[in-house]
There are 4 protein chains.
Amino acid sequence: MTKNIQNIFAASLQQTNLSPKQQAVLQSSLDLFSTQGFNATSTKDIAQEAGVAEGTVYQQFKNKNGILQAILDPFIQSVLPQVVQDFTTEVGTRQFDDLEDFLTYIIKNRMLFALENKAQIRIFAQEIFRSDELVNQVKNQLGTLKTGSLAHQLQEFQRQGQLVQWPLPRLLQFVFSTFMSFILPVIITNRDDVSETQVEQWTTEAVTFLLHGLTPQ
Amino acid sequence: MTKNIQNIFAASLQQTNLSPKQQAVLQSSLDLFSTQGFNATSTKDIAQEAGVAEGTVYQQFKNKNGILQAILDPFIQSVLPQVVQDFTTEVGTRQFDDLEDFLTYIIKNRMLFALENKAQIRIFAQEIFRSDELVNQVKNQLGTLKTGSLAHQLQEFQRQGQLVQWPLPRLLQFVFSTFMSFILPVIITNRDDVSETQVEQWTTEAVTFLLHGLTPQ
Amino acid sequence: MTKNIQNIFAASLQQTNLSPKQQAVLQSSLDLFSTQGFNATSTKDIAQEAGVAEGTVYQQFKNKNGILQAILDPFIQSVLPQVVQDFTTEVGTRQFDDLEDFLTYIIKNRMLFALENKAQIRIFAQEIFRSDELVNQVKNQLGTLKTGSLAHQLQEFQRQGQLVQWPLPRLLQFVFSTFMSFILPVIITNRDDVSETQVEQWTTEAVTFLLHGLTPQ
Amino acid sequence: MTKNIQNIFAASLQQTNLSPKQQAVLQSSLDLFSTQGFNATSTKDIAQEAGVAEGTVYQQFKNKNGILQAILDPFIQSVLPQVVQDFTTEVGTRQFDDLEDFLTYIIKNRMLFALENKAQIRIFAQEIFRSDELVNQVKNQLGTLKTGSLAHQLQEFQRQGQLVQWPLPRLLQFVFSTFMSFILPVIITNRDDVSETQVEQWTTEAVTFLLHGLTPQ
DNA sequence: CATGAATGAGCGTTCATTCAT
DNA sequence: AATGAATGAACGCTCATTCAT
């Protein structure tokens with residue numbers, strides 16, 4: 001069920017044609033940006049951590065911001081869509097018995113995903129306050145939600161009377177915020193020790209609350 | 001009802017013995033830190049914005065971090081307790097008809113509060129990723145929740161059968177995350193145009209969802 | 001014998017018309033300049049140590065250098081002449097049995113004097129490398145040696161055959177360097193624990209060596 | 001006889017792997033520190049004098065103090081031992097006819113050495129007042145004197161009856177202070193015009209005095 | 001591709017000095 | 001006489017970026 005959960009960054013690294021040194025630069029940047037923040041991380045830090053000369057950092061990336069982009073772009077191109085919208089590969093090909101089944105699946109799935117990609121999410125969370133560009137990219141992604149398979153699935157549940165007849169964005173808002181109420185504390189405190197059992201417990205709690213809140217009475 | 005909603009920063013400014021120039025330094029720092037972030041704001045920026053010589057910035061504040069503290073400390077000492085715990089002044093002296101009345105009151109109240117103090121919240125949100133100290137302070141504040149009047153009020157509703165018998169922290173988690181799902185987008189995009197009508201609309205939506213989710217069925 | 005040995009600075013302080021606060025400024029400056037050096041001592045340091053506002057420092061002294069002058073001037077005007085030349089008050093009015101008696105007297109006397117005024121000597125020693133002015137003042141003082149009572153006394157010993165017939169400057173050079181070989185380590189390490197017994201021991205050793213070296217064979 | 005007299009700084013410069021620019025930084029620092037003092041020399045001064053960007057100064061040296069160390073360390077590691085202790089290379093392999101021969105050799109030799117390395121000695125003399133570390137290093141060097149070949153040589157002269165039976169430290173103290181009485185004025189006034197003839201004259205005068213003072217009567 | 005010395009603008013901070021009160 | 005807020009030039013130092021090798 002969760003076999004496709006993976007570290008999006010590690011995956012995207014392998015798909016590039018970057019030399020091992022350049023890959024090390026990206027990996028070190030991810031670690032350091034995530035831990036110390038983008039501004040507080042110097043290119044010297046990155047080079048040292050990657051075991052590379054400082055000039056090498058600029059061989060593949062135009063500037064420090066280019067490294068940030070190389071980290072966040074695949075995140076925005078892949079993670080965001082998968083988390084909030086693109087259920088074609090999984091959700092689309094799977095039959096859900098009911099709303100509970102559906103919520104349980106996507107919440108657990110996305111929790112594991114988020115924990116796997118904690119580092120990028122931390123970077124993303126810090127950068128979104130400073131980058132209007134980033135905000136717009138997210139807005140655009142969210143804008144496409146209305147037509148994705150997630151929307152179809154939810155509308156199907158509404159038709160079946162399993163789901164309250166609120167507007168789609170508001171439904172997503174509540175699902176997402178309930179999801180985030182479990183994940184954000186982990187992201188902020190940078191905890192590394194969340195077990196799958198814990199995730200399942202959280203999933204149960206989240207789904208219970210959402211079913212309460214989103215089922216027509 | 002919302003007469004005590006205020007800008008916590010403006011209030012704390014007046015209580016200090018700071019000279020007008022020093023107050024200008026703080027105000028400019030608040031604006032700039034909030035807009036550009038702490039790291040991206042130079043002390044030269046602050047001085048210019050405050051119409052003050054750069055040395056003046058260091059007359060009252062030991063260093064740049066001291067300014068940040070002067071901004072965040074009253075926030076943590078006053079805002080946080082008021083938002084999440086200290087209902088003695090308002091909630092404690094007020095009788096609520098039912099859970100709906102209660103939720104409507106605190107959510108609208110806190111929304112207005114958050115919007116008034118958007119700048120500090122933005123700074124806070126950015127800093128919490130980098131400051132373990134900040135995380136701990138928040139943890140401590142949250143730890144005191146169990147015994148505050150908010151807790152008593154919720155337990156009262158549980159006794160009356162209006163509120164599900166979930167543990168207090170989880171109840172608070174869902175209330176808070178629902179609240180944040182409306183506020184965070186405003187904080188992140190730094191919008192300034194939220195009307196009171198909008199706030200009332202959001203309050204209604206949040207309360208509707210929470211009543212659904214938290215009422216025993 | 002050593003009744004007139006005193007702290008030249010304390011003495012000169014009392015002769016000024018400075019207010020108590022201004023005297024405190026001078027005393028604190030002496031302590032701090034001596035300990036940390038002139039450059040490393042800020043006017044803020046001085047003000048704090050003196051328990052005075054920073055502006056007060058500039059009430060009496062034109063600038064920081066003015067404080068240094070107020071410390072070093074009496075030293076150069078009084079200490080230097082007394083150490084190397086002006087024996088009118090003591091030496092001139094005293095009869096010495098022989099060279100040993102003479103050397104014993106001036107060396108012990110000057111050692112006590114130097115230890116009493118260690119702070120100024122430390123400042124002087126540090127400043128002389130940077131101030132050509134200071135060097136010239138010392139040169140001028142040394143230039144007057146040829147005609148002082150010290151010169152007369154030494155020439156008298158030469159006439160009596162107790163003292164080698166070397167040129168006066170060279171005699172003074174050897175006396176002074178032997179004297180300094182005991183005092184300079186104390187000045188440099190800023191020791192405070194030199195007993196009068198120790199001084200007498202050093203005096204004996206210095207005189208023994210000088211009598212060896214300066215007596216015609 | 002004096003063929004190995006050299007500028008210790010120039011020698012140590014060549015032994016490093018520093019780039020020409022970095023060597024220029026060190027050379028300029030030596031000149032400026034020596035002339036103006038460490039505190040009064042800014043890193044901008046150094047960069048300008050060396051014809052280098054200011055950042056370059058920090059490429060090789062951690063901070064301004066690091067430059068000072070790079071100048072003083074070889075001095076303390078090489079000059080001090082050679083001046084006061086390590087006679088293995090020269091003294092150890094040479095036979096001295098008598099005390100006069102010995103004193104003449106080391107005094108002239110060390111005078112030339114000191115004049116060659118006047119700049120570092122000036123810096124050293126200024127820094128020793130402010131650096132306890134430096135004082136300790138010197139103390140340690142002096143502590144090793146008791147066992148060096150210099151000690152052996154002097155004890156040999158004592159056994160032969162050419163040298164008074166005073167304790168070794170006191171003998172060294174008098175030799176050193178007599179030596180310094182000629183050199184220190186040059187160091188302080190930063191004179192550059194001392195001829196070898198002058199050095200030989202000084203040597204003669206110093207040796208004459210010391211033979212007087214240190215020969216048993 | 002990789003290096004690392006070199007750059008110089010800009011940073012946070014200090015500090016001697018001034019001046020209105 | 002004394003204050004202390006205000007000043008702004010200068011300081012030591014960092015850092016993203018370039019480029020010859």
Side-chain angles (χ1 to χ4, degrees), chain A residues 18-22 24-25 39-48 50-67, chain B residues 17-22 24-25 39-47 50-67, chain C residues 18-22 24-25 39-48 50-67, chain D residues 17-22 24-25 39-47 50-67:
Chain A
L18 294 175
S19 73
K21 297 222 170 194
Q22 299 298 343
V25 167
N39 271 314
T41 302
S42 70
T43 50
K44 194 180 179 182
D45 287 343
I46 295 170
Q48 267 179 357
V52 144
E54 211 174 336
T56 305
V57 173
Y58 288 85
Q59 198 72 28
Q60 198 65 224
F61 308 101
K62 193 192 163 196
N63 51 31
K64 199 180 151 191
N65 225 55
I67 308 178
Chain B
N17 291 328
L18 294 176
S19 73
K21 296 223 173 193
Q22 300 296 343
V25 167
N39 273 316
T41 302
S42 70
T43 51
K44 195 179 180 182
D45 287 344
I46 295 169
V52 144
E54 208 173 340
T56 304
V57 172
Y58 289 87
Q59 191 77 16
Q60 201 65 224
F61 307 102
K62 198 192 161 196
N63 51 31
K64 201 180 148 191
N65 224 56
I67 308 178
Chain C
L18 294 176
S19 72
K21 296 222 171 193
Q22 299 298 342
V25 167
N39 271 314
T41 302
S42 69
T43 50
K44 194 179 179 182
D45 287 343
I46 294 169
Q48 267 179 357
V52 142
E54 211 174 336
T56 305
V57 172
Y58 287 85
Q59 198 72 27
Q60 199 65 223
F61 308 101
K62 194 192 162 196
N63 52 32
K64 200 180 149 191
N65 225 54
I67 308 178
Chain D
N17 291 328
L18 294 175
S19 71
K21 297 222 171 193
Q22 300 296 344
V25 167
N39 273 315
T41 302
S42 70
T43 50
K44 194 178 180 181
D45 287 344
I46 295 170
V52 144
E54 205 174 340
T56 304
V57 172
Y58 289 88
Q59 191 78 16
Q60 201 65 224
F61 306 102
K62 196 193 165 195
N63 49 32
K64 200 181 148 191
N65 225 55
I67 309 177

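The model shown is predicted, which means the values in this text are computed figures rather than measured ones. Order of the sequence lines fixes the chain letters, A, B, ..., with proteins taken first and strands second; residue numbering starts at 1 for each chain.
Under the rule for a side chain to side chain contact (heavy atoms under 4.5 Å, CB included), the partners of A:D45 that lie at least two apart in sequence or sit in another chain are A:L32, A:Q36, A:T41, A:S42. Every residue two or more places apart in sequence or in another chain that forms a side chain to side chain contact (heavy atoms under 4.5 Å, CB included) with C:N65 is listed here: C:F38, C:N63, C:L68, C:Q69. Looking at residues two or more places apart in sequence or on another chain, you find a side chain to side chain contact (heavy atoms under 4.5 Å, CB included) between D:E54 and D:T43, D:K44, D:A47. Every residue two or more places apart in sequence or in another chain that forms a side chain to side chain contact (heavy atoms under 4.5 Å, CB included) with D:Q22 is listed here: D:L18, D:S19, D:V25, D:T56, D:Q59, D:Q60, D:F61.
Distances shown here put every side-chain N or O of A:K44 at or beyond 4.0 Å from the OP1 or OP2 atom of F:dC15. Within the 4.0 Å cut-off from OP1 or OP2 of E:dT7, at least one side-chain nitrogen or oxygen of D:K21 is found. Regarding contacts with the backbone of E:dC11, every side-chain N or O of B:K64 stays at 4.0 angstrom or more from both OP1 and OP2. For E:dT14, neither phosphate oxygen OP1 nor OP2 lies less than 4.0 angstrom from any side-chain nitrogen or oxygen of C:S42.
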Can you tabulate the close N/O pairs, meaning under 3.5 Å, that link protein atoms to atoms of nucleotides 19-21 of chain E?
none

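Sequence order on DNA chain E of the closest nucleotides to C:K62 and D:V57 puts D:V57 first from the 5' end. Between B:V52 and C:Q60, the residue anchored nearer the 5' end of DNA chain F, judged by the nucleotide with its closest heavy atom, is C:Q60. Map C:P20 and D:T43 each onto its nearest nucleotide of DNA chain F; the residue landing nearer the 5' end is C:P20. Mapped onto DNA chain E by nearest heavy atom, B:N65 and D:G51 fall at different nucleotides, with D:G51 at the one closer to the 5' end.
Rounded to a whole angstrom, the distance from the P atom of E:dC1 to that of F:dT21 is 22 Å.
Taking atom CG on B:N63 and atom P on F:dC11, their separation rounds to 22 Å, with Å as the unit. Between the CD atom of A:Q48 and the P atom of E:dG4 there is a distance of 12 Å, given to the nearest Å. The nearest whole Å value for the distance from the CD1 atom in D:I67 to the C1' atom in F:dG12 is 10 Å. The distance between atom CZ of A:F61 and atom C1' of E:dA2, rounded to the nearest whole Å, is 14 Å.
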Given Watson-Crick or G-U pairs with both distances under 3.5 Å, what dot-bracket string fits DNA chain F, with | for other-strand pairs and [ ] for crossing? .||||||||||||||||||||
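With F:dC13, F:dA1, E:dC1 as the choices, the nucleotide that has an atom nearest any side-chain atom of C:S19 turns out to be F:dA1. You'll find that the side chain of C:T56 is closest to F:dT3, out of F:dT3, E:dT13, F:dT7. Closest approach to the C:A53 side chain among F:dT7, F:dG4, F:dT17 is made by F:dG4 (side chain taken as heavy atoms from C-beta onward).
Side-chain atoms of D:E54 and base atoms of F:dC13 include a donor and an acceptor less than 3.5 Å apart.
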